[in-house]
Amino acid sequence: FWTAAGGRRAAEEAAAADELGGLGQHAVRAGGVDAVAWERVRALYARDAATRTADLSAVRQGYRFIDPLASETVTNALTALLAAFLLYQLVAARRELLRFLQQLGPESVELALVALLLLAVRVAYGLHKHRRVLCVDFVTYKPPPRLYTSTEKFLELSRQAGVFDDEEIEFQRKVLDRSGLGDRTSFPEAMHRAEEIALAGGNGAAVLNMYNARLEAEQVMFSSLDELFARNELDARCDVDILIVNCSLFNPTPSLSAMIVNRYRMKPSVRTYNLSGMGCSAGVIAVDLAKDLLQAHRNVRCVIVSTENITQNWYLGKQKSMLLSNTLFRLGCAAVLLSNRAADASRARFELHTVVRTHSGSDDQAYDSVFQMEDSAGIRGVKLSKNIMDIAGNSLKTNITTLAPLVLPLSEHLKFGLYVLRKRLMRAGVLAHQKLPPFVPDFHLAFRHFCIHTGGRGVLDVMEDALALSAEDMAPSRFVLHRFGNVSSASIWYELEYVERSGRMRRGDRVWQIAFGSGFKCNSAVWRALVSNSQRDVDY
């Protein structure tokens, strides 16, 4: 048994066997450490009756999943039984049925047909009707003052890191001066320890590592969720049925959703989803996924956590197209509670109207416009293309072309129809040819408030001109960019919070959330306000 070639491995396996329960060398011979572990489990189940006892809460959850009408066998059996009973009754009462039909006049037949048509319309409506998707509440993360990073603080940290020369620092200063960011945007804890990078010889991994990235994720996610659960008096252990987390650049194992499940001891049946690599538009993608899940499952609550992690994504190289992300992205997170439960309708703040998603990834330029990569020195970062504004404009045009028919009133549809007719008549030579400007509908007829992703001051300027928006329309986006910076997928929730706190939200108002992201994607979500808010409090 002990051989010269296998002595060391056998000794290690025997030690492992002792750790796992000391079941003896026969288990090691049977198959190594895996066999030892398996024997230990078998022994536990053999001697401990409690281990074999089912958790009744899990059993009840299993029964909740049973849907008899989804079973083909049950449905066919019920259909056959009811058909047989109906046939028997028709045969038994055939004489009475014939007399009844003979007595029917034309008016009675018409009445019966109208009744059948009315029933068919109601059945068709029931089959096509969607469950309401309600936004009960949402919370945005507010960093503590110790994490505030003004322009001067950012440049000081860049110097302390010891990896940037004067040219890179001056370039970042110029970008920051025209970025629209204020002095109360925030970096995570690890990035405020830039001097440790210099002490490590410029090795960013000394601070910008997995451990500190996890700490950042825990800080922003748990703080937001703690407030969300406390404010809505929810027990996270049993009141959350679906959990969706989106974070583009940080995807550890176990996942961020597993981190939340472990922190709050959520029930085993909670459905979890982790969206990664989908950029700043992933917040709307998470809403779209939640919408589909709330249509498929009755009487459930869904929590969405939208965040981005920047600890490991502080670019320490010299390529200017990759230095841009250093000047834009800041610390942020949003936690959103959605529900289709009738009990939550009375306290819900918004109802989802529609979601429209546009993906331009089939175009190479669009695909490459936001790209995570290593530079020539092997330093990882995110490259932003100089063509990104043109690509965003094309994606926006496609998105609003699809969205417009779903939200605009009839008057705008008629204007668009006349515009198309006029172009075709000019093409056919019926009308004198003249250059027509592109048709831009008046989106103020569809939306009262606009929450446009804070991709940067240039993005907001282009959106303001393209959609003919006013300074008041752009106020939520410009405030969030100045106060919090580009907080990625969470930005649309920070903006919605500003609209509420500005005192301008009224019951029935429609809100347009629109976001851009890598890929390249442009996504829209439209919400209808269910409550009014006239109190103004934007000093935060």
Side-chain angles (χ1 to χ4, degrees), residues 140 172 175-182 185-186 246-249 277-286 306-310 313 315 320-334 357-361 365-372 381-400 450-467 469 473-498 512-525:
T140 59
Q172 292 178 93
V175 174
L176 279 168
D177 286 343
R178 57 177 184 268
S179 66
L181 274 68
T185 63
S186 301
N246 68 267
C247 182
S248 188
L249 295 174
M278 307 197 79
C280 300
S281 66
V284 178
I285 296 173
S306 293
T307 187
E308 189 52 86
N309 192 290
I310 57 178
N313 293 284
Y315 175 62
K320 291 183 178 180
S321 62
M322 300 172 75
L323 285 169
L324 289 172
S325 61
N326 291 353
T327 64
L328 287 175
F329 291 99
R330 294 296 185 267
L331 192 64
C333 179
R357 293 168 54 184
T358 303
H359 204 306
S360 307
Q365 281 194 341
Y367 176 75
D368 292 335
S369 60
V370 182
F371 208 89
Q372 188 179 27
V382 176
K383 175 179 67 70
L384 301 180
S385 169
K386 62 182 179 180
N387 299 320
I388 192 168
M389 297 306 300
D390 295 331
I391 293 164
N394 291 332
S395 295
L396 173 66
K397 181 173 67 175
T398 304
N399 188 267
I400 62 176
F450 300 83
C451 299
I452 301 170
H453 166 58
T454 55
R457 194 180 71 177
V459 173
L460 298 183
D461 290 343
V462 169
M463 292 292 292
E464 182 175 1
D465 293 338
L467 300 178
L469 302 180
D473 297 329
M474 299 300 298
S477 300
R478 295 197 186 279
F479 172 85
V480 171
L481 179 64
H482 182 268
R483 171 64 179 85
F484 299 100
N486 184 342
V487 289
S488 190
S489 58
S491 65
I492 54 176
W493 296 105
Y494 282 83
E495 292 159 356
L496 185 57
E497 179 184 27
Y498 175 86
W512 183 14
Q513 291 179 325
I514 184 166
F516 303 93
S518 58
F520 190 86
K521 296 178 285 292
C522 177
N523 300 325
S524 294

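Only heavy atoms go into these numbers, but all of them, side chains included; no hydrogens, no water, no symmetry mates.
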Quickly, which of D368, T358, I388 forms a side chain to side chain contact (heavy atoms under 4.5 Å, CB included) with F520? Name it, please.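 The single option meeting the side chain to side chain contact (heavy atoms under 4.5 Å, CB included) with F520 is I388.
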For the pair [X] (side chain) and [Y] (backbone), establish whether a donor and an acceptor sit closer than 3.5 Å, ignoring hydrogens and angles.
X    : Y    : result
Y494 : C333 : yes
R457 : R178 : yes
N326 : Y315 : yes
E308 : S489 : no
S395 : I391 : yes

Listed by chain and number, what are the side chain to side chain contact (heavy atoms under 4.5 Å, CB included) partners of S385, not counting sequence neighbours? S369, N387
What is the minimum heavy-atom distance between [X] and [Y], and which atoms define it?
X    : Y    : answer
K521 : G519 : NZ-CA, 3.9 Å
I285 : N523 : CG1-ND2, 3.3 Å
A515 : C280 : CB-O, 3.9 Å
G456 : L328 : CA-CD2, 4.4 Å
V459 : H453 : CG1-O, 4.4 Å
N246 : S306 : OD1-OG, 2.6 Å

Once you round to the nearest 0.5 Å, how far does [atom1] of [X] lie from [atom2] of [Y]?
X    : Y    : atom1 : atom2 : answer
Q513 : S281 : CD    : OG    : 12.5 Å
M474 : C451 : CE    : SG    : 10.5 Å
L324 : F329 : CG    : CZ    : 10.0 Å
L181 : R483 : CG    : CZ    : 11.5 Å
S491 : N486 : OG    : CG    : 6.5 Å

Can you confirm whether [X] sits close enough to [Y] that some side-chain heavy atom of one is under 4.5 Å from a side-chain heavy atom of the other?
X    : Y    : answer
V480 : E497 : no
L467 : I400 : yes
I452 : D473 : no
S321 : F371 : no
W512 : S524 : yes
L331 : V487 : no

Students often mix this up, so state it plainly: with edges at 30° and 60°, are the rings of F484 and F479 parallel, tilted or perpendicular? perpendicular
Using a strict cut-off of less than 4.0 Å between a Lys/Arg side-chain nitrogen and an Asp/Glu carboxylate oxygen, indicate whether R478 and D461 qualify as a salt bridge.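 Yes, this pair counts.
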Determine, stepwise, if the pair V370 / L384 fulfils side chain to side chain contact (heavy atoms under 4.5 Å, CB included). CA-CA 5 Å; V370 182; L384 301 180; 3.9 Å; yes
Test side chain to side chain contact (heavy atoms under 4.5 Å, CB included) on T327 and S179 and set out the steps. CA-CA 8 Å; T327 64; S179 66; 5.7 Å; no
